[in-house]
J.: 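One structure coming up, written as structure tokens, with questions to follow.
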Amino acid sequence: MSEQPGEPNKAPESDSLLPIDEHVEEGQDAEGRKVRHRGVYLLPNLFTTANLFAGFFSIVSAMNGKYEIAAITIFVAMVLDGLDGRVARMTNTQSAFGAEYDSLSDMVAFGLAPALLAYQWALSGLGNVGLTVSFIYTACAALRLARFNTQIGKVDKRFFIGLASPAAAGVVAGTVWALKDLGVDGVDMPVLVVLLFALLVAAAGALMVSNIKYHSFKDFDMKGRVPFVAILVVVLVFAVIFSDPPRILLLIFLAYAASGPVQRLLQVRRRKQIE
């Protein structure tokens, strides 16, 4: 078909001097009209990339037998994961690309890295049982992240449905870090203790895919004014954590992981009393 007279030749949108297609994302403006955005936001994705690198570095460290460094790096990834979302919201740079990139990074940092760390440190001594437990944790992390992506905007943002993957990773990595800090090597632990650790890893994975509600703390106002005593509490919390990071962080994440089932049991008990 011939071109209409006077119509300029338009190069296809995919034409580029670089062998990489430009990212084009469809969205809506303030009036609800469809608009197309080119490119990605740099600032929040920098934190997401750092989160991804932390997960990758944790895996490499675990493979090289540096279990303490691997566990600490997972906690670093948690900080970076918390920053990318908050930076995106504060700068109004949320995007579908950023959400998907964040989930893939979380899968590496809080799915693969803790599972491999647990397997290399202790579960490898259980043979196929340890391999199965590690895979169960990894699969549960993937399922949890996939379910979370499909529930965005459909559930109460004040709560997570199931244990968040960073919290589950904190339970696994915190256990390894705390015991390693005491000079305990997973391969030297009695079989019964290794089985208990395997049960803990499997339980963390199961909680991720459960329908138990956990408080997300997303309703906490970071911009509003707070009483002066709140700053003193924050300082005290940091002081307590830095007094013994491995064990304090482990206790925090264990308490948070247990809070969901405990709250569910209390709710069931109240319903029975009402009936």
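Side chains are part of it too, since the values below use all heavy atoms of this structure and drop only hydrogens, waters and symmetry mates. Small disclaimer: the values here were computed from a predicted structure and weren't measured.
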J.: Just how far is it from atom CG of Asp102 to atom CD of Glu100, taken to the nearest 0.5 Å?
T.: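 So the CG of Asp102 and the CD of Glu100 are separated by 9.5 Å.
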
J.: Mind checking side chain to side chain donor-acceptor pair (under 3.5 Å) for Thr73 and listing every partner two or more places apart, or none if nothing turns up?
T.: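 Side chain to side chain donor-acceptor pair (under 3.5 Å) check on Thr73 returns nothing, list empty.
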
J.: Heavy atoms only: give me the nearest Ala168-Tyr137 pair and the separation to one decimal.
T.: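 Of all heavy-atom pairs spanning Ala168 and Tyr137, the closest is C-OH, 3.4 Å.
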
J.: Applying salt bridge (Lys or Arg N to Asp or Glu O under 4.0 Å), can you list everything that pairs with Lys180, at least two apart in sequence or on another chain?
T.: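 Asp185.
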
J.: Closest heavy-atom contact between Ala204 and Leu163?
T.: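 Heavy-atom minimum between the residues: O-CD2, 4.3 Å.
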
J.: Hey, quick one: are Val194 and Val191 part of the same hydrophobic cluster, counting side-chain heavy atoms closer than 4.5 Å, chains of contacts allowed?
T.: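 They do share one cluster, since a chain of ILVMFWY contacts under 4.5 Å joins Val194 to Val191.
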
J.: Is it the case that atom CZ in Phe57 sees more than 12 heavy atoms from other parts of the structure closer than 6.0 Å?
T.: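 Open.
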
J.: Look at the rings of Phe159 and His215 and say which category their plane angle falls in: under 30° parallel, 30 to 60° tilted, over 60° perpendicular.
T.: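 Judged by the thresholds at 30° and 60°, the geometry between Phe159 and His215 is perpendicular.
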
J.: Is there a chain of hydrophobic side chains (I, L, V, M, F, W, Y, each step under 4.5 Å between heavy atoms) that links Ile212 to Leu265?
T.: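 Not linked; separate clusters.
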
J.: Any idea which heavy atoms bring Leu145 and Ser103 closest together, and the distance?
T.: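 Distance-wise, the nearest heavy atoms are CD1-O, 3.7 Å.
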
J.: Is the backbone N or O of Ser259 less than 3.5 Å from a side-chain atom of Tyr214, with the two atoms forming a donor-acceptor pair by type?
T.: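 No; judged by distance alone, with no hydrogens or angles, the pair does not exist.
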
J.: For residues 107-135, which side-chain donor-acceptor pairs fall under 3.5 Å, sequence neighbours excluded?
T.:
residue : atom : partner : partner atom : Å
Ser124  : OG   : Tyr119  : O            : 3.3
Thr132  : OG1  : Asn128  : O            : 2.8
Ser134  : OG   : Gly130  : O            : 3.1

J.: How long is the gap from CG on Asp84 to OG on Ser105, to the nearest 0.5 Å?
T.: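 Between atom CG of Asp84 and atom OG of Ser105 there are 8.0 Å.
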
J.: Which Ile, Leu, Val, Met, Phe, Trp or Tyr residues join Phe238 in one cluster when any pair of side-chain heavy atoms under 4.5 Å counts as a link?
T.: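 When side chains under 4.5 Å apart are linked, the cluster holding Phe238 also contains Val234, Phe242.
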
J.: List, one per line, each side-chain donor-acceptor pair under 3.5 Å for residues 244-251, sequence neighbours excluded.
T.:
residue : atom : partner : partner atom : Å
Asp244  : OD1  : Arg247  : NE           : 3.2
Asp244  : OD1  : Arg247  : NH2          : 3.0
Asp244  : OD2  : Arg247  : NE           : 2.8
Arg247  : NH1  : Ala178  : O            : 3.3
Arg247  : NH2  : Asp181  : OD2          : 2.6

J.: Identify the two heavy atoms, one from Ile161 and one from Lys213, that lie closest to each other, and give their separation to 0.1 Å.
T.: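 In terms of heavy atoms, the two residues are closest at CD1-CG, 3.8 Å.
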
J.: Would you please name every residue forming a side chain to side chain donor-acceptor pair (under 3.5 Å) with Tyr256, sequence neighbours left out?
T.: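 Testing Tyr256 for side chain to side chain donor-acceptor pair (under 3.5 Å), a comparison that skips the adjacent residues, returns none.
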
J.: Ignoring hydrogens and angles, tell me if any N or O in the side chain of Asn64 forms a donor-acceptor pair with the backbone of Val60 under 3.5 Å.
T.: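 Checked: pair present.
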
J.: Hey, what do you get for CZ (Arg144) to CG (Asn149), rounding to the nearest 0.5 Å?
T.: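 These two atoms lie 9.5 Å from each other.
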
J.: Would Phe56 end up clustered with Phe75 when hydrophobic side chains under 4.5 Å apart are linked, directly or stepwise?
T.: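 The answer is no; the residues belong to distinct hydrophobic clusters.
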
J.: Got a second to check how far Leu104's CG is from Asn51's CG, nearest 0.5 Å?
T.: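 The distance works out to 11.0 Å.
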
J.: Measure across Leu179 and Met189 and return the closest heavy-atom pair with its distance rounded to 0.1 Å.
T.: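 Between these two residues, the closest heavy atoms are CD1-SD, 4.2 Å.
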
J.: Following the transitive rule for hydrophobic clusters with a side-chain heavy-atom cut-off under 4.5 Å over Ile, Leu, Val, Met, Phe, Trp and Tyr, establish whether Val235 and Ile252 coincide in one cluster.
T.: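 Unlinked, Val235 and Ile252 end up in two clusters.
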
J.: Is any side-chain heavy atom of Val184 closer than 4.5 Å to one of Asp188?
T.: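 Side chain of Asp188 against side chain of Val184, heavy atoms only: no contact under 4.5 Å found.
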
J.: Can you get from Ile241 to Leu254 by hopping between Ile, Leu, Val, Met, Phe, Trp and Tyr side chains that sit under 4.5 Å apart?
T.: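 Yes, it is one cluster - the side chains of Ile241 and Leu254 are joined through contacts under 4.5 Å.
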
J.: Looking at every heavy atom in both Asp81 and Pro166, which two are closest together, and how far apart are they?
T.: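 Looks like OD2-CG, 3.8 Å.
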
